Amino acid sequence: MQLDISDFPLVWIRRDPVAERRDEALFAQFEALLARQQAFVILSEAGLDDDGHVHPQKERKRAVLWMKRHKAALRTYIQGMVLVEPSAAKRLAGKAIAVMFGQFWGYPLHFGTSRDDALDLAQHLIRAWLPPGNGSTAAHQ
C-alpha cells in the first residue's frame with residue numbers, strides 16, 4: 001500500500017504490489033499524517049477485496065498494536081474512510097463490515113458509488129469536522 005497525500009486532507013491509499021511488504025514506511029506515513037493534528041479522510045478506489053487476500057497473523061498483530069498506540073489520534077483526526085465501490089451488492093454487504101470496521105479503527109467506513117461520489121462524501125466529512133476542544137458550531141475549514 002502507498003499513500004498519496006498531494007490532495008490533503010484527502011488521502012488516497014492505493015495498492016502497490018511492489019510496496020506490499022513496506023509496512024514500516026506506511027505506518028510512518030500515517031504517523032506523520034496524525035502528527036499534523038488536522039482532520040483528513042482516507043479514500044480508496046480498491047473497493048472491497050474480491051481476491052480474498054488475508055494478511056498473515058504477524059501483520060495483523062502488528063497493525064492491532066499500532067492501532068492501540070495511536071487510537072486517540074485515529075479517532076480524532078481521521079474523519080472516515082471512503083471506498084469507491086460501484087457494485088450495489090458489495091456496498092450492501094459492506095454495511096456489516098463497516099460496523100465492525102468503525103468499532104475497531106474508531107472512524108467510520110463509507111462507500112461511494114463512483115470516484116466523484118466518494119470525493120463528495122469525503123468533502124462533506126471534512127467540512128463537518130470541528131477541532132478538538134472547539135465548542136463553536138462553525139465547521140473547521
Side-chain angles (χ1 to χ4, degrees), residues 1-57 59-141:
M1 298 286 194
Q2 68 180 47
L3 297 181
D4 176 357
I5 62 170
S6 60
D7 291 325
F8 188 86
L10 305 178
V11 176
W12 287 92
I13 189 165
R14 295 188 170 92
R15 289 189 181 145
D16 181 357
V18 176
E20 281 300 318
R21 297 291 169 221
R22 292 174 41 207
D23 290 338
E24 196 64 40
L26 187 62
F27 286 129
Q29 284 181 300
F30 268 112
E31 288 173 12
L33 285 170
L34 296 172
R36 288 181 175 206
Q37 298 184 348
Q38 296 176 317
F40 63 97
V41 174
I42 302 167
L43 296 111
S44 177
E45 292 183 284
L48 294 173
D49 281 339
D50 273 336
D51 61 4
H53 177 72
V54 177
H55 295 281
Q57 175 68 22
E59 287 179 24
R60 288 193 311 260
K61 182 177 180 180
R62 185 165 181 216
V64 168
L65 293 173
W66 184 89
M67 183 274 302
K68 286 181 179 181
R69 283 193 310 272
H70 297 89
K71 192 174 209 170
L74 290 167
R75 291 177 185 265
T76 301
Y77 300 115
I78 301 178
Q79 301 308 295
M81 180 171 196
V82 183
L83 299 181
V84 177
E85 183 51 72
S87 167
K90 287 184 181 180
R91 286 192 311 273
L92 182 60
K95 288 186 179 197
I97 295 168
V99 171
M100 292 182 295
F101 180 96
Q103 290 171 345
F104 180 79
W105 287 104
Y107 54 88
L109 174 62
H110 302 279
F111 298 93
T113 59
S114 66
R115 180 182 172 91
D116 288 341
D117 185 41
L119 285 168
D120 287 345
L121 181 53
Q123 290 290 353
H124 172 75
L125 292 169
I126 291 296
R127 284 191 303 269
W129 184 67
L130 291 174
N134 183 344
S136 74
T137 58
H140 179 71
Q141 295 295 331

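Just so you know, these numbers use all the heavy atoms, side chains as well, and skip hydrogens, waters and symmetry mates. A quick note: this is a predicted structure, and the numbers were derived from the prediction, not measured.
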(message) Test: salt bridge (Lys or Arg N to Asp or Glu O under 4.0 Å). Region: residues 115-125. Which pairs qualify, not counting sequence neighbours?
(response) Glu45-Arg115

(message) Taking the side chain as everything from C-beta on, heavy atoms only, tell me whether Arg91 gets closer than 4.5 Å to Thr113.
(response) yes

(message) Minimum heavy-atom separation for Ala39 and Pro9, please, with both atom names.
(response) O-CB, 3.3 Å

(request) Report yes if the side chains of Leu26 and Glu31 come closer than 4.5 Å at any heavy-atom pair, otherwise no. (result) no

(request) Can you measure from CG (Leu125) to NE2 (His110) and round to the nearest 0.5 angstrom? (result) 4.5 Å

(message) As an exercise, state the distance from CD of Glu85 to CZ of Phe111, rounded to the nearest 0.5 Å.
(response) 7.5 Å

(message) Quick check for you: to the nearest 0.5 Å, what is the distance between Gln38 atom CD and Thr76 atom OG1?
(response) 13.5 Å

(request) Run through Leu83, Ile42, Leu43 and flag the one making a side-chain contact (heavy atoms from CB on, under 4.5 Å) with Ile13. (result) Ile42

(request) Using the side-chain contact (heavy atoms from CB on, under 4.5 Å) rule, pick out the option among Leu10, Asp7, Val82 that qualifies with Leu119. (result) Leu10

(message) To the closest 0.5 Å, what do you measure between CH2 (Trp105) and NE2 (His70)?
(response) 10.5 Å

(request) Could you grab the distance from atom OG of Ser44 to atom CG of Asp4, nearest 0.5 Å is fine? (result) 12.0 Å

(message) Can you confirm whether Phe40 sits close enough to Ile5 that some side-chain heavy atom of one is under 4.5 Å from a side-chain heavy atom of the other?
(response) no

(request) Would you please indicate if the ring centroids of Tyr107 and Tyr77 are separated by under 6.0 Å? (result) no

(request) For the residue pair Val41 and Ile78, establish whether any side-chain heavy-atom pair is separated by less than 4.5 Å. (result) no

(request) Look up atom CG in Leu74 and atom CE in Met67, then write down how far apart they are to the nearest 0.5 Å. (result) 8.0 Å

(request) Show your working on side-chain hydrogen bond (donor to acceptor under 3.5 Å, both in side chains) between Trp12 and Gln2 and close with a plain yes or no. (result) CA-CA 8 Å; Trp12 287 92; Gln2 68 180 47; over 6 Å; no

